[in-house]
Amino acid sequence: MSEQPIYSTRAHVFQIDPNTKKNWVPTSKHAVTVSYFYDSTRNVYRIISLDGSKAIINSTITPNMTFTKTSQKFGQWADSRANTVYGLGFSSENHLVKFAEKFAEFKEAARLAKEKSQEKMELTSTPSQESATGDMQSPLTPESINGTDDERTTPDATPNSEPRAEPSQNALPFSHSSAINKHWEAELAALKGNNAKLTAALLESTANVKQWKQQLAAYQEEAERLHKRVTELECLSGQANVIKSHKTELNQTIEELESTLKAKEEELERLKEEVDNANQLQAQRDALTEKLQETETRNKDLESQLAELEQRLESSQLEQEAFRRNLKTLLEILDGKIFELTELRDNLAKLIEGS
C-alpha cells in the first residue's frame, strides 16, 4: 500500500455540532486509535480514525490548519474540506503534547510539499510572452507557443536573434539606404503579421489552458474521492497491526484491573479485620460496663448495711464498750473496703472513658 501509518495514539473523538457550532458531539463511545498516515504517491499527510469499519476521521493536513490545545487533555482543529471541527480527548497531557508536536511536524512537511508542487506547476504552466515571440518564423505548434525547456531557460539564444542582428553588422553603403528602409519596412510588416497570429494563438492557448485546468480540477476531485474510498478500504485491510496493538493495550488494561482488584480485595480483608477488632473492643466495653454496674449495686448494698450497723452501734454504745471497740474495728475495715470499691469504680470509669 502507498499509504502507511507513521504515528498512532488513542483518544476519544468528537465533532462540532453542525447546528449550534458550539457543542461537541461524541463520534465514538470509547477511546479509539487515531493515526497519522503518509501517502508517498501523492505526498500528503492525513489523520484517520476508524470506529469498527466506519471512518470517523478522514482529514488531510494542509499548511493552513492549526491544532489548538484548549485544555490539558483536549485539542481541536478545523477541516475546511470536511466543513467541520474535530476534537480529541486524551487520557493524559503527554499524549496531547505528542500529538500536537506530530501535527506541527507534518503540517510543515505538507507546506514544503505544496511549495515543491507549485514550483513544478510553474515550470509546466503557460509560457511568458517573451518565449512566445522569440521564434516568429516557426509554425504554430505547442512547442512554438509554449516554448521548449531550453528556450524557457535561455530565451536569448533563439535561432532568429542572430539573423536579426546581421543587418547591423553588415551595413550597406549610404547610397542604398532607401532600399534598405523598404526592405526593413516589409520585414517589419511581416513580423507584425506573425506577431498578431502568435498573439491570437497565445490567447487561444491560454483559453485552452484554463479549460484544461478546470478539467484537471474535476479530475483531481474525482481522484480525491476515489482515493479516499481506496484509503478506507486499505485502512480496513491494514488494521491487523492496529488490532494487535489494541489487543496488547487491552491485555495491559486487564492486568492493571486485575492488580487493582487484588489490592481492593486485600484492603477489604484488612477492613474486615479492623471491624472484628472493633467488635471485640465493643464486647470488652460492654463487659466492663456490666461489671461496673454490679460493683455499684454491691456498693449500694454495703452502704445500706453500713447504715444499719451505725444504727445498731448507736443503740448498743451504752451496753458494751468492748462491743464498741469491735464495731469500730469492723467500721475501719468496712471503710477500707468502701475506699477500695470507690477506687475500683473510678478506675473503671476512667477505663471506659479512655476506650
Side-chain angles (χ1 to χ4, degrees), residues 10-12 14 22-24 26 28-31 69-75 87-97 246-355:
R10 291 183 66 81
H12 292 271
F14 300 86
K22 294 181 180 180
N23 300 326
W24 288 106
S28 62
K29 296 181 180 179
H30 51 80
K69 293 184 286 185
T70 57
S71 66
Q72 292 183 349
K73 298 181 181 180
F74 192 87
L88 296 180
F90 297 90
S91 59
S92 65
E93 186 177 2
N94 293 331
H95 290 84
L96 173 61
V97 172
H246 288 179
K247 184 178 179 180
T248 304
E249 293 176 358
L250 289 175
N251 291 333
Q252 293 177 353
T253 304
I254 290 172
E255 292 176 357
E256 293 176 357
L257 291 175
E258 288 178 350
S259 61
T260 304
L261 180 60
K262 186 177 180 181
K264 294 294 183 183
E265 290 178 351
E266 293 177 354
E267 185 177 0
L268 182 61
E269 292 293 334
R270 182 177 60 81
L271 292 175
K272 287 182 179 179
E273 292 178 356
E274 292 180 356
V275 170
D276 293 338
N277 294 332
N279 292 332
Q280 292 177 1
L281 292 175
Q282 184 65 31
Q284 293 177 1
R285 180 180 177 181
D286 295 338
L288 292 174
T289 303
E290 291 177 358
K291 288 182 180 180
L292 179 61
Q293 291 177 354
E294 292 177 357
T295 303
E296 289 178 350
T297 304
R298 291 177 62 188
N299 190 18
K300 289 179 180 180
D301 294 339
L302 291 174
E303 288 178 353
S304 62
Q305 291 177 8
L306 180 60
E308 291 177 358
L309 289 174
E310 287 177 351
Q311 291 177 0
R312 290 178 183 178
L313 181 60
E314 290 176 357
S315 62
S316 63
Q317 280 180 351
L318 300 175
E319 294 178 358
Q320 278 186 344
E321 186 66 21
F323 183 74
R324 181 185 297 174
R325 293 175 181 177
N326 293 333
L327 184 60
K328 286 182 180 180
T329 304
L330 180 61
L331 287 173
E332 290 176 357
I333 294 172
L334 289 175
D335 289 335
K337 294 295 184 179
I338 292 171
F339 179 76
E340 291 177 359
L341 289 174
T342 303
E343 285 185 347
L344 178 60
R345 184 183 64 181
D346 293 336
N347 291 333
L348 289 176
K350 290 180 181 180
L351 179 61
I352 291 172
E353 291 176 357
S355 62

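Because the structure is predicted, anything quoted here is derived from the model rather than measured.
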Just verifying a value: how many Å separate [X] [atom1] and [Y] [atom2], rounded to the nearest 0.5 Å?
X: Leu292; Y: Asp346; atom1: CG; atom2: CG; value: 9.5 Å
X: Arg345; Y: Asn299; atom1: CZ; atom2: CG; value: 6.0 Å
X: Glu273; Y: Leu268; atom1: CD; atom2: CG; value: 10.5 Å
X: Ile333; Y: Ile338; atom1: CD1; atom2: CD1; value: 12.0 Å
X: Lys264; Y: Leu261; atom1: NZ; atom2: CG; value: 10.0 Å
X: Asn23; Y: Phe14; atom1: CG; atom2: CZ; value: 12.0 Å

Check [X] against [Y] and note the closest heavy-atom contact, atom names and distance.
X: Ala31; Y: Arg10; result: O-NH2, 2.5 Å
X: Leu327; Y: Leu309; result: CD2-O, 4.3 Å
X: Pro26; Y: Trp24; result: CD-O, 3.9 Å
X: Phe90; Y: Leu96; result: CE1-CD1, 3.5 Å

- Message: Within the supplied structure, the quantity of interest is the number of heavy atoms (other residues, nucleotides, ligands) at a distance under 6.0 Å from Arg298 CZ; does it exceed 12?
- Response: no
- Kindly check if the number of other-residue, nucleotide or ligand heavy atoms within 6.0 Å of CD (Glu296) is above 12? yes
- Item | Sequence-distant partners of Glu265, salt bridge (Lys or Arg N to Asp or Glu O under 4.0 Å), two or more places apart | none
- Message: Working note: Leu271 + Glu274, criterion side-chain contact (heavy atoms from CB on, under 4.5 Å); need CA distance, chi angles, decisive distance, verdict.
- Response: CA-CA 5 Å; Leu271 292 175; Glu274 292 180 356; 3.8 Å; yes
- Message: Between Glu321 and Arg324, does any NZ, NE, NH1 or NH2 come within less than 4.0 Å of an OD or OE carboxylate oxygen?
- Response: yes
- Item | Min side-chain heavy-atom separation Glu267-Arg270 under 4.5 Å | yes
